[in-house]
There are 2 protein chains.
Amino acid sequence: MSQLETKDRILDAAENLFSDKGFSATSLRSITTLAGANLAAVNYHFGSKDALIQAVFRRILTPLNNDRLQRLDALEARVQEPSVDEVLTAFLTPVATLWSESKRGPVLVRLFAKTFAEPSTNIRDLVFSEFEGIAARYIPALARAVPHLSRREVMTRLHFLIGSMTHTVTNWDMLAGAPGADELIEQMVTYGAAGFRAPAALTTSKGTP
Amino acid sequence: MSQLETKDRILDAAENLFSDKGFSATSLRSITTLAGANLAAVNYHFGSKDALIQAVFRRILTPLNNDRLQRLDALEARVQEPSVDEVLTAFLTPVATLWSESKRGPVLVRLFAKTFAEPSTNIRDLVFSEFEGIAARYIPALARAVPHLSRREVMTRLHFLIGSMTHTVTNWDMLAGAPGADELIEQMVTYGAAGFRAPAALTTSKGTP
DNA sequence: CCAGGATTCAAACGTACGTTTCAATCACTC
DNA sequence: GAGTGATTGAAACGTACGTTTGAATCCTGG
């Protein structure tokens, strides 16, 4: 049926199954069966189950984060001092786009969201190293947009935003009506930007011991 | 060493290991070893691994949600029209209290947070059924505090808040400085309340087809 | 067309898992 | 203090897992 290479069919199948059942609960046998490949193909093409997991993540994260960086570049080239709303939109849109672009979107997004709750050090390390470049660009941009916040509070609120995003896309079906990607972006930017613009919560940033 | 019953020692050990490594990645053998109990004790006292997982969750969720309901009751008895900040504080404080009350706190909170990313239908169903009573009380309270939002947007923003909370407590160590529970509550209520007070993002709530 | 590396295949490896079994031991009642 | 039900113990059950093996097959360049 599919004309894809075995390697890609395995990645596709792994993506879907990992996204559904988690990593340790998904067997290589179920992956290769769904992919129409032999069990040994995983270890032949990737080396181990762990390496397969990392390959699955890399295939998702690299273009996603590139998209994020590109959008921030374009934004900063267009306007001199981007607003919080604009920065958050640049940050969130790639995920929402990924989500809505095809049948593969929801799978990817759920898988991506699952990472933060997974205990595996390998996966966490991979995602964090991939995210470092994003943080290095977005945190200064956010700090410029909300100059009343300390760098620490900017990071904390970015964590809040990421949490909202991952939880929402992971538990999409719980939301009544299951709105589309545009609607989600709109609501999350509205909510998150207002949160970022809220006054500093920490008085310690003014010099309390 | 411990004078606790075997049943409780197993629950304690399971709590810690589930919180660290996830459910399917934690074996009954590692649980009973840590608990100083025999392997067969799990099936004797709980019936199966799945039933053990549910027992672990029930032991956490029941008092947590009772605390939430109690705080909302006390709040509504004290002031006639509670503000968003007050409702969110009532909602978030039990988790933060649980977090900071002892060494067990972080374990419980991480475990609780892990639920939303876990694929197991059993766990999700349990958590949702436990959460229904909370939603039935908190969503109307929130809707009264932010009357400019449709019921649907209130629910969406509550999802955002829950996401922020679960993500933050799950990835606590990623936050620079690792602030205490009081500080977390303060920041999250500031952020979330501003988000709730933000204008409605959906124009569809006014009657668009 | 045929050599030779790349890929696929069926089968087996050893290990770890959840669960079951049943005898041994404990705790409590009469 | 003997008897009885609750609990614990050591061991084994069957199954499923990730990985490895080595022969069979495919594909491509000369």
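In what follows, chains carry the letters A, B, and so on, assigned in the order in which the sequence lines appear, proteins first and then strands, with residues in each chain numbered from 1.
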N/O contacts under 3.5 Å, protein versus nucleotides 19-23 of chain C?
from, atom 1, to, atom 2, distance (Å)
dT19(C), OP2, K49(B), N, 2.9

| request: Return each pair, listed once, that meets side-chain hydrogen bond (donor to acceptor under 3.5 Å, both in side chains) where at least one residue sits in residues 32-43 of chain A; pairs must be two or more places apart or across chains. | output: none
| task | Give T26(A) one of three labels, base, sugar-phosphate or nothing, depending on what nucleic acid heavy atoms sit under 4.0 Å from its own. | result | sugar-phosphate
| said: So if I take the C1' atoms of five pairs at each end of the helix from dC1(C)-dG30(D) to dC30(C)-dG1(D) and get each local axis, what angle do the two axes make, rounded to 10 degrees? | reply: 10°
| query | Among all residues two or more places apart in sequence or in another chain, which pass the side-chain contact (heavy atoms from CB on, under 4.5 Å) test with T89(A)? | reply | T93(A), V189(A)
| request: Extract, from 5' to 3' on DNA chain D, the first and final nucleotides lying under 4.0 angstrom from some heavy atom of chain B. | output: dA6(D) to dA12(D)
| field | Partners meeting side-chain contact (heavy atoms from CB on, under 4.5 Å) with L34(A) (sequence neighbours left out) | value | A13(A), L17(A)
| Which residues pass the side-chain contact (heavy atoms from CB on, under 4.5 Å) test with S83(A), sequence neighbours left out? | D85(A), E86(A)
| side-chain contact (heavy atoms from CB on, under 4.5 Å) against P140(A), all qualifying residues, sequence neighbours excluded | R144(A), R151(A)
| said: Between R9(A) and E5(A), does any NZ, NE, NH1 or NH2 come within less than 4.0 Å of an OD or OE carboxylate oxygen? | reply: no
| message | Using the salt bridge (charged side-chain N to carboxylate O under 4.0 Å, His left out) criterion, which residues pair with D8(A)? Sequence neighbours excluded. | response | none
| said: Taking salt bridge (charged side-chain N to carboxylate O under 4.0 Å, His left out) as the cut-off, I'd like each qualifying pair that reaches into residues 23-40 of chain B, sequence neighbours left out, listed once. | reply: none
Let me have the donor-acceptor pairs involving side chains of residues 54-62 of chain A, under 3.5 Å, with sequence neighbours excluded, atom names and distances please.
from, atom 1, to, atom 2, distance (Å)
Q54(A), OE1, R58(A), NH2, 3.3
Q54(A), NE2, D50(A), OD2, 3.2
R59(A), NH1, D12(A), OD1, 3.3
R59(A), NH2, D12(A), OD1, 2.9
R59(A), NH2, E15(A), OE2, 2.9
T62(A), OG1, R58(A), O, 3.1

| request: Would you please name every residue forming a salt bridge (charged side-chain N to carboxylate O under 4.0 Å, His left out) with R71(A), sequence neighbours left out? | output: D67(A)
